[in-house]
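What follows is a set of notes on a single structure, which appears directly below.
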Amino acid sequence: MVTALLDTARARRVAERVPDPELPMLTLADLGVLRGVEVGADGTVVASLTPTYSGCPAMAEMRADVAARLREAGYERVEIRTVLDPPWTSDWITESGRRKLTEHGIAPPGPAPRGGPVPLVLSPTRPAVPCPRCGSADTEETSRFAATSCKALWRCRACREPFEYVKEI
Amino acid sequence: MSDDHVYLTLAEGHEDDTRWAYGTGFEDPLHGVDTTVPEGVDAAELAADCVALADDALISAQRLAEWVTRAPELEEEVALANIGLDLLGQARLLYTRAGQADGTGRDEDAYAYLRDAADFRNVVLAELPRGDFAFAVVRLLVLSTWRLAHFQRLVDHPDPVLAAVAAKGVKELAYHRQYAADWAVRLGDGTEESHRRMRAALDEVAPYLGELHTAYDVRDEVADVLRQVTDAAGLAMPVYRPLPGSGRAGEHTEHLAPLLTELQGVARAYPGATW
Ligand SMILES: [Zn+2]
């Protein structure tokens, strides 16, 4: 029993350290997509992952990376499960994940909208995202979509640097 | 991983059948999800619903992808491609669910690549040719508003897989709708030329709105959003002029078959190909 618990803790540490393929400064645990790791009585490791977006092309790569790292760590039987419910929210990005994003010049998300209908905002008064480099609030959105679905493109008028911003979802 | 060797590293790290690029035979996107159809859910009906929703998404994604290299600005190309990718992701999950529910065990490739135009159940608005950027904006506004309103109801569907796909989709569709609404206001309230093109685009989608309302009764929600946006854009609400025929019954325009020829060509010529 104790061995199984220790083994689960060890397997979890291995899986938690796998970097995200699209935001490699974050681990899958930082991003909040690793939903659980269990080692069964027969030694099978079951790791559960949830996609950030339905079309996230990195999902297959994440699954393969977690399985490969666990096998390297000596677990022969590895099963990766997909969890769709509850859906991923940017609120699951950890504090350390947010710090790492900022350090890499990417603005972390604000709080995600809470349940219920998603309101349409047509006024130009959406709250500004603070610049991750200089902290200025004098910023503007240049594109709602960036290189990946989870990010938008912004520009800082104070330091004149463009930056990416992880969207609230 | 050094950037010079990124492709080599990927190739080495993925000798198993898990791939991240293009082609057929992807790993089941519902891999490891409990696929039991709950008691009290009509499996055939569930499968048909999933196929219709997936077809709307796949055909829309294909039209959005046509904007790559053709959008007015790089940012818009990236945005339209990302929106298409979200929809493609929704389609993959829904096709996979359909194959489990209808008992045929068909995978996503079978639905996307191996059916003919008459087997597709997408609404006709999704298949109309790409048009100009104003038309792309208006079509996306209408389809994302309609799909979002329907998905908000599907969140309570008795099938937990469809409910979960909807809950995830709601978040994505809200961004799609916001993107389209922003452009609709910018173009409608822009130059004389952009305003004229927006009016033409609204006239063009009007006959296809009736089909949307027959498919899912979310007329009030859709009308409410369209009114907000057209008001802010200084445009008139589109007037419904219902057309005969329905994509939901497999009755399509002449535009769907060529789209499918392009979408399915490689997969049909080289069965099981990966690229
Ligand atoms: Zn700055």
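Scope of the values below: all heavy atoms of this structure, side chains included, with no hydrogens, waters or symmetry mates.
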Write down the atom of B:V78, the atom of A:A147, and the distance for their closest heavy-atom approach. CG1-N, 4.4 Å
Using modelled atom types only, decide if a donor and an acceptor are shared between the side chain of B:K168 and the backbone of A:P51 within a distance under 3.5 Å. yes
Looking at every heavy atom in both A:L122 and B:A181, which two are closest together, and how far apart are they? CD2-CB, 3.8 Å
For the interface with chain A, which of B:Q90, B:E172, B:E221, B:Q228 has the highest count of heavy-atom pairs at distances below 4.5 Å? B:E172
Heavy-atom cut-off 4.5 Å, strictly under: side chain, backbone, both or neither for B:A232 against chain A? side chain
So what's closer than 4.5 Å to chain B heavy atoms on A:T89: side chain, backbone, both or neither? both
When the 4.5 angstrom heavy-atom criterion is applied to A:S90 and chain B, the contacting part is neither
Under a 4.5 Å heavy-atom cut-off, does chain A meet the side chain of B:V155, its backbone, both or neither? neither
Just say parallel, tilted or perpendicular for the rings of A:F145 and B:Y179, cut-offs at 30° and 60°. perpendicular
Comparing A:T148, A:L153, A:V46, A:D85 against chain B, the one with the most heavy-atom pairs below 4.5 Å turns out to be A:T148
Side chain, backbone, both or neither: which part of B:L85 has a heavy atom under 4.5 Å from chain A? both
So, do B:L93 and A:L84 sit near enough that their side-chain heavy atoms are less than 4.5 Å apart? yes
Can you confirm whether more than 12 heavy atoms, excluding those of A:R155, are under 6.0 Å from its CZ atom? no
Does atom CD of A:E95 have more than 12 heavy-atom neighbours, drawn from other residues, nucleotides or ligands, at distances under 6.0 Å? no
Is there side-chain contact between A:L120 and B:T145, with heavy atoms separated by less than 4.5 Å? no
A:R81, CZ atom: more than 12 neighbouring heavy atoms under 6.0 Å: no
Measuring heavy-atom distances to chain B, does A:A67 have an atom under 4.5 Å in its side chain, in its backbone, in both, or in neither? neither
In terms of heavy-atom contacts, does CD of A:E103 have more than 12 from other residues, nucleotides or ligands at under 6.0 Å? yes
Chain B: which of A:P86, A:S54, A:G55 shares the most heavy-atom pairs with it under 4.5 Å? A:S54
Closest heavy-atom contact between B:K171 and A:W88? NZ-O, 3.3 Å
